[in-house]
Structures are given as C-alpha cells and as structure tokens.
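Report on the structure given below.
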Amino acid sequence: MTGSVFRGEGVPARERFDCWRELIGRTRASEMTSEHADDFRAEMRRLELGPVTLLRSSFPPTRFRRSAAMVRRTDPGVYHLTMPLDGGLSLTRGAKERTRTFGRGDLYLVDSSHPYEVRALGARGGGRREQRTEAVGIDFPAALLPLPPHRLRDLLGRGFSVREGTCALLSDFLVGLDRQAAALDPAGAARLGTIAVDLVAAWVAGELEAEAAVPEDTRQRALVEAVRAFVRRNLQDPELSPAVIAAAHHVSVSHLHRVFTRQSGETGDGRTLAAWIRGQRLERARRDLADPALRTLAVQAVAARWGFPRADDFSRAFRAAYGLSPREHRHRAPAERARDGDA
C-alpha cells in the first residue's frame, strides 16, 4: 500500500511546515499559511486507496486558500470530503457565499473546481500549549461519482450531521479505515477506496433523491457495507437474524442473501451472511477470552454474550475456526501477550 506518515521528528523546525504542506498539496492544492509555520507541530497520515486518498491530520491553526487564479491555472477535478474530529473548521466558498463553521459531528464536501478558503480554528485541551484541529477525510476524482457535478452544486460547502443515516455509516467507515491503516495490503486498500466512494455516492444520491441515478453495483456495495455495520452494532442481540437485517434495510431476505453472497465472492471471501455473522461473533468471543479483565467470566458466559447459547456448538465452532478449544485459547493468551511484548 502506498502512503506516508508525517510526525515531524528529525525534521528541522523551520522545515516542518513545508513538508506537511507538500504532502497535503498533492491532492488539496492551495495556498497554506500559519502563524506556527516557524515551529509547525503537526501529524498526518496519507494513504493511497487506489484512486482515493485518505488524509488523517492533527495541526495548529492554519489557513488554506484555493484562489480563482489557482483554479484557472490547474484543476485536477477532485472532491474533498472532510470530517473534523476535534476543533473546528470554517469554510468560505467563492466571494459571495457566507462562511460556515463545522466541528465534531459534521462533514462537508467541496471540489477543486471552485475557489474556497478554509481556516482551522483549533480547540484547546489536554494540557497542550496551542490550539489544534484534528480531521479525517478523503480526496477522489469527481469522475468516480455517478452523478454529474452540476447535480451536487447545492450540496457543496454545506454541513451534514454524521450522527444518522448514510452519513453515520460513512463517518464510521472513514474512522475505521484510519485505524486499519497499518494492516491494509494494496488490493484490500483499493477495494476499500471503492467502497468509500460508493458510500459517498449513496449519501449524495439520498440527499438529492436521485437513487435511481446510482449504478446497481454501487448500490449493492453500499448496502453490504451498511449491513456489515448494522451487524457489528447488534452482534450481542440474540434475535439478530437475516430477516431482522433485511427488514432494517427495507429489502427482502432473498435479495439480501443474493447481494451479500455476490459481493463477498467479489472480494475473495465468498462467505454467506450467516457464515460472516458467525465469524464476527467468534472473533469477538476470541478477543474476550484473551482479555485479562474478563478472566473471571465463565467461558459459557462469553459464548452466550456473543450469540452462542449452547456450549457444545460454541466449542465446535471455535475449534474449527482457530484450531483449539476456547479454554485452551484462554490459557495460552497470557503467554502470547508476553511473547508479543518481548518481540
């Protein structure tokens, strides 16, 4: 997987801002200035997910200005989706639009084809001397969205809540991508980049009431990701079933099975929905059995917690998945943790 991490260690203080600006400028070309440029204390992870770029950054107050002259000079035709995680960002698009402010719980979309100015407002806390802004976002070619740019005109620059609907799913997905960064291989990274754009397309189409304009494959990938997120949130519910999942997503059970199996086959997994749910439950149980804080919790209680009411069924499924019994895994976990700590 192609990517880079900037933390500033080993970089002379007066060169940090230029290094950080160069990394961001690869996909977000703008004039960047900061009162902290002489000693710029920032962090950034930049990941290439096929044609999609994920940016996760933490930085002091900074001004980003993409002027009309810059747009005329070069326009890569890129959308920038940004979600503040801490602190705030103000956005002004063009000369006539009002300035909007976004904070934790918001996301917004802009494009490289129009002038804009973004100011990082920062937030003070944690004993830090300076205010900082933390944000995660993706940049991707406008051509990847199945809707023409003029259809998105009224959405650009507006704030949307990530607390519900497809925005919530998109938010969780982006945060999850950042957490999984170190474990992603090139093929998996490209696939996840495609899913990220699918989720943006589903969100945008929903806002515009233009779902029919989104290709069937895009809708199906977005549906499967929504199903996966729903299952993860409800794994402890003993009533969780394909029928419940289908009803929550307003599709038939047969359609759900067909789409999930097809999408799983395309990723090389090939598991049915029921098999995937069982795998998720086994993995949660495996994690709990290795948790020192849960050592006094009976194995069967852990099994029941994750949807295995029968001890024999759980033991057989666990052994088939991991090659040892739940009790053996629990006994081996401390030694494995110690070994990993010594490595």
Side-chain angles (χ1 to χ4, degrees), residues 3 6 20-21 23-32 34 42-49 51-66 70-71 76-94 97-123 131-142 144-145 149 152-163 165-179 181 192-193 196-197 199-201 203-204 207:
F6 174 84
W20 184 83
R21 180 169 55 184
L23 284 174
I24 290 223
R26 292 178 187 177
T27 51
R28 299 194 176 195
S30 62
E31 300 166 352
M32 302 179 208
S34 174
E43 297 181 3
M44 183 175 67
R45 177 165 31 235
R46 185 176 184 277
L47 300 176
E48 303 295 345
L49 309 170
V52 179
T53 300
L54 175 76
L55 298 173
R56 170 68 162 83
S57 53
S58 172
F59 53 97
T62 304
R63 174 176 174 259
F64 309 81
R65 180 173 178 267
R66 181 162 175 79
M70 293 183 74
V71 172
V78 174
Y79 284 124
H80 310 302
L81 181 89
T82 303
M83 184 175 69
L85 301 174
D86 193 19
L89 295 166
S90 70
L91 169 68
T92 306
R93 293 184 67 245
E97 292 196 25
R98 67 183 178 90
T99 297
R100 302 173 189 265
T101 302
F102 311 105
R104 185 182 182 89
D106 299 322
L107 65 76
Y108 67 87
L109 184 71
V110 295
D111 66 343
S112 63
S113 301
H114 295 85
Y116 62 80
E117 180 176 305
V118 174
R119 290 180 181 267
L121 308 177
Q131 294 185 329
R132 301 181 68 79
T133 293
E134 296 186 20
V136 65
I138 54 171
D139 300 334
F140 59 94
L144 293 183
L145 276 190
L152 276 67
R153 187 178 302 122
D154 292 337
L155 298 183
L156 297 178
R158 288 172 50 192
F160 296 87
S161 172
V162 301
R163 296 182 175 88
T166 309
C167 273
L169 177 60
L170 179 57
S171 168
D172 290 346
F173 187 80
L174 294 182
V175 172
L177 271 181
D178 178 57
R179 290 174 179 164
L192 292 173
V197 176
L199 293 176
V200 174
W203 158 54
V204 168
E207 293 291 339

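All residue numbers refer to positions in the sequence shown, counting from 1.
A salt bridge is absent between R63 and E31: the closest approach of a Lys/Arg side-chain nitrogen to an acidic carboxylate oxygen does not fall below 4.0 angstrom. Between R132 and D86, none of the side-chain N atoms (NZ, or NE/NH1/NH2) sits under 4.0 Å from a carboxylate O, so this pair counts as no salt bridge. One finds a salt bridge joining R46 and E48 here, because a Lys/Arg side-chain nitrogen approaches an Asp/Glu carboxylate oxygen to under 4.0 Å.
Annotation: side chain of L85 is in contact with side chain of R56 (closest heavy-atom distance under 4.5 Å). D111 places none of its side-chain heavy atoms less than 4.5 Å from the side chain of P149.
When all heavy atoms of P141 and P51 are compared, the closest pair comes out as CD-O, 3.4 Å. Residues M83 and V162 approach most closely at SD-CG1, 3.8 Å, considering heavy atoms. The minimum heavy-atom distance linking G88 with T133 is given by the pair O-OG1, 3.4 Å. Here the closest non-hydrogen pair linking S30 and M70 is CA-CE, 3.5 Å. Shortest non-hydrogen contact noted between D106 and P84 is O-CD, 3.4 Å.
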message = Using the rule given for side-chain contact (heavy atoms from CB on, under 4.5 Å), can you reason through L109 versus L155, listing the C-alpha separation, both sets of side-chain angles and the distance that settles it, and then say yes or no?
response = CA-CA 7 Å; L109 184 71; L155 298 183; 5.7 Å; no
query = V200 and Y79: side-chain contact (heavy atoms from CB on, under 4.5 Å), yes or no, with the steps?
reply = CA-CA 11 Å; V200 174; Y79 284 124; over 6 Å; no
request  = Decide side-chain contact (heavy atoms from CB on, under 4.5 Å) for V136 and L54; before the verdict, give the C-alpha distance in whole Å, the side-chain angles of both, and the deciding distance to 0.1 Å.
outcome  = CA-CA 7 Å; V136 65; L54 175 76; 3.8 Å; yes
request  = Might you work through the side-chain contact (heavy atoms from CB on, under 4.5 Å) test for W20 and M44, ending with a clear yes or no?
outcome  = CA-CA 8 Å; W20 184 83; M44 183 175 67; 3.9 Å; yes
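Counted within 6.0 Å of CZ on R104, heavy atoms from surrounding residues, nucleotides or ligands total 12 or fewer; the atom is thus considered open.
Here the straight-line distance linking atom CZ of R100 with atom CG of L91 works out to 8.0 Å at 0.5 Å rounding. Rounded to the nearest 0.5 Å, atoms CZ (R66) and CZ (R28) are 12.0 Å apart.
Every ring-ring contact (aromatic ring centres under 6.0 Å, His included) that Y108 has, sequence neighbours left out, goes to F102.
The residue from T82, T62, L121 that alone fulfils the side-chain contact (heavy atoms from CB on, under 4.5 Å) condition with L89 is T82. Exactly one of T27, L47, D178 qualifies for a side-chain contact (heavy atoms from CB on, under 4.5 Å) with L55. That residue is T27.
Ring geometry for F160 versus W203: interplanar angle over 60°, hence perpendicular rather than tilted (30 to 60°).
The backbone N or O of G77 lies less than 3.5 Å from a partner atom in the side chain of S112, making a donor-acceptor pair. Between the side chain of R21 and the main chain of M32, a donor-acceptor pair closer than 3.5 Å is present. The main-chain N or O of H114 is never found under 3.5 Å from a side-chain atom of R93 such that the two would form a donor-acceptor pair.
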